[in-house]
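Just so it is clear: chains get the letters A, B, ... in the order the sequence lines come, proteins before strands, and each one is counted from 1. All values below were derived from every heavy atom in this structure, side-chain atoms included, with hydrogens, water molecules and symmetry-related copies excluded.
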Amino acid sequence: MKSAVPDVRTRAMNESDPNLSGRFALYWMTSFRRTEHNFALQRAVEWATELDTGLLVLEALRCDYRWASDRFHRFVLDGMQDQLEALEGRSGVTYYPYVEERPGAGRGLLAELARSATVVVTDDFPTFFIPEMLRAAADRIAVRLEAVDSNGLYPMRGTEKVYPSAYTFRRHLQKALPPHLERTPDADPVAKLGGRTAPEVPAAVLRQWPDATPRLRTLASDLSDLPIDHGVEPAEIRGGVTAARSRLRTFLDHPLSRYADDRNQPDEDASSGLSPYLHFGHISAHEVFAAVAEREGWTPDFEGRPTQGKRTGWWGMSVPAEAFLDELVTWREVGFNMAAHRPDHREYESLPDWAQRTLADHAGDPRPHLYPLDAFANARTHDEIWNAAQRQLRREGVMHNYLRMLWGKKILEWTRSPREAASVMIELNNRYALDGRDPNSYSGIYWCLGRYDRPWGPERPVFGKIRFMSSASTARKLRLREYLERYSD
DNA sequence: ATCGGCTCGCGCAA
DNA sequence: TGCGCGAAGCCGAT
């Protein structure tokens, strides 16, 4: 099929052909939870028009995935409400939200729906339970199953190489990204279904797996009936595409101009706050990029720009805009590059050799402060900066980006082994952070243990040559007073 | 306030 | 084969 979605973003997950007698193309939305700027949805629309059917959009929310809690459910449900409103009354498309009530209740839904489908298109996301779920689905589905990468500006499988540093990845992007900037997803892919009839969800399917539409609002405010972790409460920040866009506008209007100077200052509100939305797919990197470019009055022109991996000067935008794009593109997408190519990206053994070597050299060093997981979780350490950062994470589902590094460095220092440090970081990050369970969770966590970094001297206890950070120098360097006050016990 | 040193691996120029 | 350079490090010298 002729497609506007780049081939490098599309993977056939099985050998099957489309079922020409299917009644609809099925888009199984799992990671890019939005109806706009979404290559996967766009691809599903292409199949619908190609095979002359409508499109069914299934957005499912399981209750038995690891770390399922009121916090993440609420965020996803906010998004479902937005999807419902965005697709209501659009021709050719039916939105079918499903919220699983008991573990395993959703089993069989996809396969059953696929029996009536021409093809199934889904989201290609390289970590958490998604890759395993995709493989399992491929075995159970008799029609063509495609996974489409709409994660970032550069396709996560755009190169076979795995980049060991942001610097080398940036240098690669400076050569390889420009053509991809011209291949953006349609802003409103569903528009191409104009004039078509919206498909009906088969009645037998609805009997077993009821449409959650009538319950979405109730669920968003009361999750007590679901078997998920009610101890991790909903965050104050709302999920969904509408909230994501509103945060983007706020960021462009104010903090962006201070981004380069102040993003590391906990007392300033200079960070984008977009990572939860990017994680759940409530906003696309393409849309964020386009908004920044528009604000900067920027059009692509890379003639004569340096391509040596330098952090500034390549885009030809303002200093703060370039600093932000280095986070949004280089740092965000280097994590997708790693996760897409290395199934072991969550494991300690994926650290670079020099890091594992130096940490092993210091395995026997004395560790004067040791805390178990729940002391960390409850912010009961001797260090008030660390405790404040952890309280912010627990309460708000986000942590200030600079303190997030210090937070991890101290967990390394205060656990029995670097392996235990990694597992504590993974547990806390994925349990509490809205942007957890993401390729960049592992980039950030393992950065604290040397990934994407280089050795630093002098060699220190426990850390060895891993870059050391201390609360004392953080307190000296940063404006923190209000932050410590706000997140005091 | 600013600077060099600490230390390793990469990719590119030569 | 050599060289430059790198997420935000720290520390001590100037």
Would you confirm whether [X], through its side chain, and [Y], through its main-chain N or O, come within 3.5 Å as a donor-acceptor pair?
| X | Y | result |
| --- | --- | --- |
| A/Tyr259 | A/Ala270 | no |
| A/Arg34 | A/Glu36 | yes |
| A/His254 | A/Phe251 | no |

Rounding to the closest angstrom, what is the interatomic distance between [N] and [M] at atom [atom1]?
| N | M | atom1 | answer |
| --- | --- | --- | --- |
| B/dA14 | C/dC5 | P | 14 Å |
| C/dG12 | B/dT7 | P | 16 Å |
| B/dC12 | C/dA7 | P | 16 Å |

Donor on one side chain, acceptor on other, A/Asp70 and A/His73, under 3.5 Å: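 Judged by distance alone, the side chains do not pair up.
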State whether a side-chain donor-acceptor pair under 3.5 Å links A/Tyr154 with A/His172.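 On atom types as modelled, these side chains qualify, holding a pair under 3.5 Å.
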Spacing of [X] atom [atom1] relative to [N] atom [atom2], expressed in whole Å:
| X | N | atom1 | atom2 | result |
| --- | --- | --- | --- | --- |
| A/Asp326 | C/dG6 | CG | P | 12 Å |
| A/Gln265 | C/dA8 | CD | C1' | 11 Å |
| A/Arg460 | C/dC10 | CZ | P | 8 Å |
| A/Gln308 | C/dG4 | CD | P | 14 Å |
| A/Arg467 | C/dC11 | CZ | C1' | 15 Å |

When you check every protein heavy atom under 4.0 Å of nucleotides 2-11 of chain B, what one-letter string (B, S, -) results, 5' to 3'? ----BBBSSS
Using Watson-Crick and G-U wobble pairs with both distances under 3.5 Å, what is the 5'-to-3' dot-bracket string of DNA chain C, with [ ] for crossing pairs and | for pairs outside the strand? ||||||..||||||
Taking salt bridge (charged side-chain N to carboxylate O under 4.0 Å, His left out) as the cut-off, I'd like each qualifying pair that reaches into residues 452-465 of chain A, sequence neighbours left out, listed once.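 For residues 452-465 of chain A: A/Asp453-A/Arg467.
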Just to verify, which of A/Gln390, A/His400, A/Gln392 counts as forming a side chain to side chain donor-acceptor pair (under 3.5 Å) with A/Trp407?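 Single pass found, and it is A/Gln390.
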When you match A/Ser470 and A/Asp453 each to their closest nucleotide on DNA chain C, which lands nearer the 5' end?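 By nearest-heavy-atom nucleotide position, the 5'-most residue is A/Asp453.
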Please classify the nucleic acid contact of A/Arg263 as base, sugar-phosphate, or nothing, using heavy-atom distances under 4.0 Å.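 Touches a base.
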Out of A/Asp262, A/Asp261, A/Asp269, A/Asp267, which residue meets the salt bridge (Lys or Arg N to Asp or Glu O under 4.0 Å) rule with A/Arg479?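 Testing each of A/Asp262, A/Asp261, A/Asp269, A/Asp267 against A/Arg479, the sole residue satisfying salt bridge (Lys or Arg N to Asp or Glu O under 4.0 Å) is A/Asp262.
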Return the residues of residues 398-430 of chain A meeting this criterion: a heavy atom under 4.0 Å from some atom of DNA chain B. Order them by number, or give none.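 Heavy-atom contacts with DNA chain B come from no residue of residues 398-430 of chain A; none.
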For the residue pair A/His382 and A/His369, categorise the inter-ring angle as parallel (less than 30°), tilted (30 to 60°) or perpendicular (more than 60°).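 Judged by the thresholds at 30° and 60°, the geometry between A/His382 and A/His369 is parallel.
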Verify stack between A/Trp331 ring and C/dA7 base, 5.5 Å, 30 degrees: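 Yes.
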Please collect all side-chain hydrogen bond (donor to acceptor under 3.5 Å, both in side chains) contacts where either partner lies in residues 315-326 of chain A, sequence neighbours excluded, each pair once.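 The answer is A/Arg170-A/Asp326, A/Glu296-A/Ser318, A/Asp326-A/Thr330.
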Among all residues two or more places apart in sequence or in another chain, which pass the side-chain contact (heavy atoms from CB on, under 4.5 Å) test with A/Arg476?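 So A/Arg476 forms a side-chain contact (heavy atoms from CB on, under 4.5 Å) with A/Ala472, A/Ser473.
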